[in-house]
K.L.:
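Handing you this structure, nothing more for now.
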Protein chains: 2
Amino acid sequence: MDRTNVDYQQDSLQKKLNKILQPTVGVLAPCPIRNILDRFSDKWSTLSIFHLGDAGTLRFNELKKRIDGISQRMLTVTLRTLERDGLVKRRMFPEIPPRVEYELTELGRSFLMQIIELGEWASDNSDQILKAREQYATREHSASAVKW
Amino acid sequence: MDRTNVDYQQDSLQKKLNKILQPTVGVLAPCPIRNILDRFSDKWSTLSIFHLGDAGTLRFNELKKRIDGISQRMLTVTLRTLERDGLVKRRMFPEIPPRVEYELTELGRSFLMQIIELGEWASDNSDQILKAREQYATREHSASAVKW
DNA sequence: CAGCATCCAAACAGATACTG
DNA sequence: CAGTATCTGTTTGGATGCTG
């Protein structure tokens, strides 16, 4: 019986969860974790960070070309937010035509390390999730079409 | 000089990124990673998972009480989606009054492990991000008020 | 090239009322 | 208790046109 081991893991888990959930309850912090979670909440942020981490430094249109389907407006908005949060560094060269380069900051790279693990998890478990969806779709309420 | 060490890390990073970014380009997979990333994209999903992981098993209103600010509609929608994706298990007891219990599945717990790391990161780095925002706000375009 | 501004459609999410 | 249904205000995000 590896009860003690399980207990230990359970304990560690509990501690971490407390640490995370604590501030969301308190009135002191206005919006601590939630605000950060919102950052990788939108797909464009995460994709931008992935690609910047992959390429190192990219100009606006280079990045746009890599992120398939993003509009120029969304890329602008996303980059501004990431810059505001200190995850992305923006360097503007006063030339004609203008050149602007983006790259991850130190903080951005440390964030990348975190979401890479998540991306891997998603990559490894997407099959299971898709299978779960199929099962759910074909379970009684089979009428509703699966559309994605 | 720890060049080799850095190079190794760089290599490993590159591989992981390729693995993650690959499918988003291909036409074969309709929406692989992006669909999963969308799951923890909305804050209610992540918060629900945190709380379910913390408590083990919870009834609908117990969960609602814990997640401060969530509307009953959003909790329903969130739980349905999580159930559909196989992250949450729902058990309905045909009693009067009705009782429904929710808990994480195996897949859900493995997902929790991932986002716990992210939650910790957020908890540890929220100061830095908030500081970055302040700096950004007071840099030239100081007119725009900071509203959160 | 790298954007900003505007318009508009669609998705999201809160409030409210009702039910087995 | 644990929802469903509906209505509506808000946010999001694409498309388009214009600038230094």
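A quick note: this is a predicted structure, and the numbers were derived from the prediction, not measured. Letters A, B, ... mirror the listed sequences (proteins, then strands); counts begin at 1.
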K.L.:
Toward the 5' end of DNA chain D, which comes first, Arg73(B) or Lys65(B), by nearest nucleotide?
P.N.:
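Mapping each residue to its closest nucleotide by heavy atoms, the 5'-most match is Lys65(B).
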K.L.:
Run His51(B) and Leu21(A) through side chain to side chain contact (heavy atoms under 4.5 Å, CB included) and show every step you take.
P.N.:
CA-CA 8 Å; His51(B) 282 288; Leu21(A) 294 176; 3.8 Å; yes
K.L.:
Among the candidates dG14(C), dC4(C), dA2(D), find the nucleotide nearest to the side-chain atoms of Pro98(B).
P.N.:
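Comparing dG14(C), dC4(C), dA2(D) against the side chain of Pro98(B), the answer is dA2(D).
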K.L.:
For the pair made of CD in Glu95(A) and P in dG3(C), what is the distance, rounded to whole Å?
P.N.:
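Taking atom P of dG3(C) as the reference, CD of Glu95(A) is at 13 Å.
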K.L.:
With no angle test and no hydrogens, is the base of dC4(C) tied to the side chain of Gln72(A) by a donor-acceptor pair under 3.5 Å?
P.N.:
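Side chain to base: pair found, below 3.5 Å.
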K.L.:
So, Arg109(B) and Glu106(B), do they make that salt bridge, N to O below 4.0 Å?
P.N.:
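So Arg109(B) pairs with Glu106(B) through a salt bridge.
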K.L.:
Got a salt bridge between Arg80(A) and Asp85(A), using NZ or NE/NH1/NH2 to carboxylate O under 4.0 Å?
P.N.:
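Salt bridge absent between Arg80(A) and Asp85(A).
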K.L.:
Just the rounded figure in Å: distance from P of dG13(D) to CD1 of Ile70(A).
P.N.:
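That distance rounds to 9 Å.
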K.L.:
Report which part of the nucleic acid Arg59(A) touches: base, sugar-phosphate, or nothing (heavy-atom distance under 4.0 Å, all strands).
P.N.:
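Counting heavy atoms under 4.0 Å across all strands, the contact made by Arg59(A) is with sugar-phosphate only.
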K.L.:
Tell me the interatomic distance from Arg90(A), atom CZ, to dC4(C), atom P, rounded to whole angstroms.
P.N.:
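These atoms are roughly 7 Å apart.
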K.L.:
Is the distance from OP1 or OP2 of dG3(C) to the nearest side-chain N or O of Tyr102(A) less than 4.0 Å?
P.N.:
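So the side-chain polar atoms of Tyr102(A) do come within 4.0 Å of the phosphate oxygens OP1 or OP2 of dG3(C), strictly under.
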K.L.:
Considering the options Arg90(A), Arg91(A), Arg59(A), which one meets the salt bridge (charged side-chain N to carboxylate O under 4.0 Å, His left out) requirement together with Glu103(A)?
P.N.:
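Exactly one option meets the salt bridge (charged side-chain N to carboxylate O under 4.0 Å, His left out) with Glu103(A), and it is Arg91(A).
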K.L.:
Considering just the side-chain nitrogens and oxygens of Arg99(A), establish if one lies under 4.0 Å of OP1 or OP2 belonging to dG20(D).
P.N.:
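No.
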K.L.:
Please determine whether a side-chain nitrogen of the Lys or Arg among Arg99(A) and Glu101(A) lies less than 4.0 Å from a carboxylate oxygen of the Asp or Glu.
P.N.:
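Yes, this pair counts.
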K.L.:
Using a cut-off of less than 4.0 Å, is there contact between a side-chain N or O of Arg80(A) and OP1 or OP2 of dG3(C)?
P.N.:
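Yes, such a contact exists.
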K.L.:
Over how many whole Å does the gap from Leu75(B) atom CG to dA13(C) atom C1' extend?
P.N.:
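Whole-Å distance recorded here is 13 Å.
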K.L.:
In whole angstroms, how far is the C1' atom of dC4(C) from the CZ atom of Phe60(A)?
P.N.:
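For the pair Phe60(A) CZ and dC4(C) C1', the rounded distance is 11 Å.
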K.L.:
For Met92(A) and dG3(C), give me the distance from atom CE to atom P, rounded to whole Å.
P.N.:
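After rounding, the reported distance stands at 8 Å.
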K.L.:
Please determine, for the side chain of Val100(A), which listed nucleotide (dA13(C), dC1(D), dG3(C)) has the closest atom?
P.N.:
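Ranking dA13(C), dC1(D), dG3(C) by closest atom to the Val100(A) side chain puts dG3(C) first.
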K.L.:
If I take atom CZ in residue Phe93(A) and atom P in nucleotide dG3(C), what distance separates them, rounded to the nearest angstrom?
P.N.:
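Atom CZ in Phe93(A) sits about 13 Å away from atom P in dG3(C).
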K.L.:
Starting from P on dC4(C), measure out to NZ on Lys64(A) and report it in whole angstrom.
P.N.:
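Result: 15 Å.
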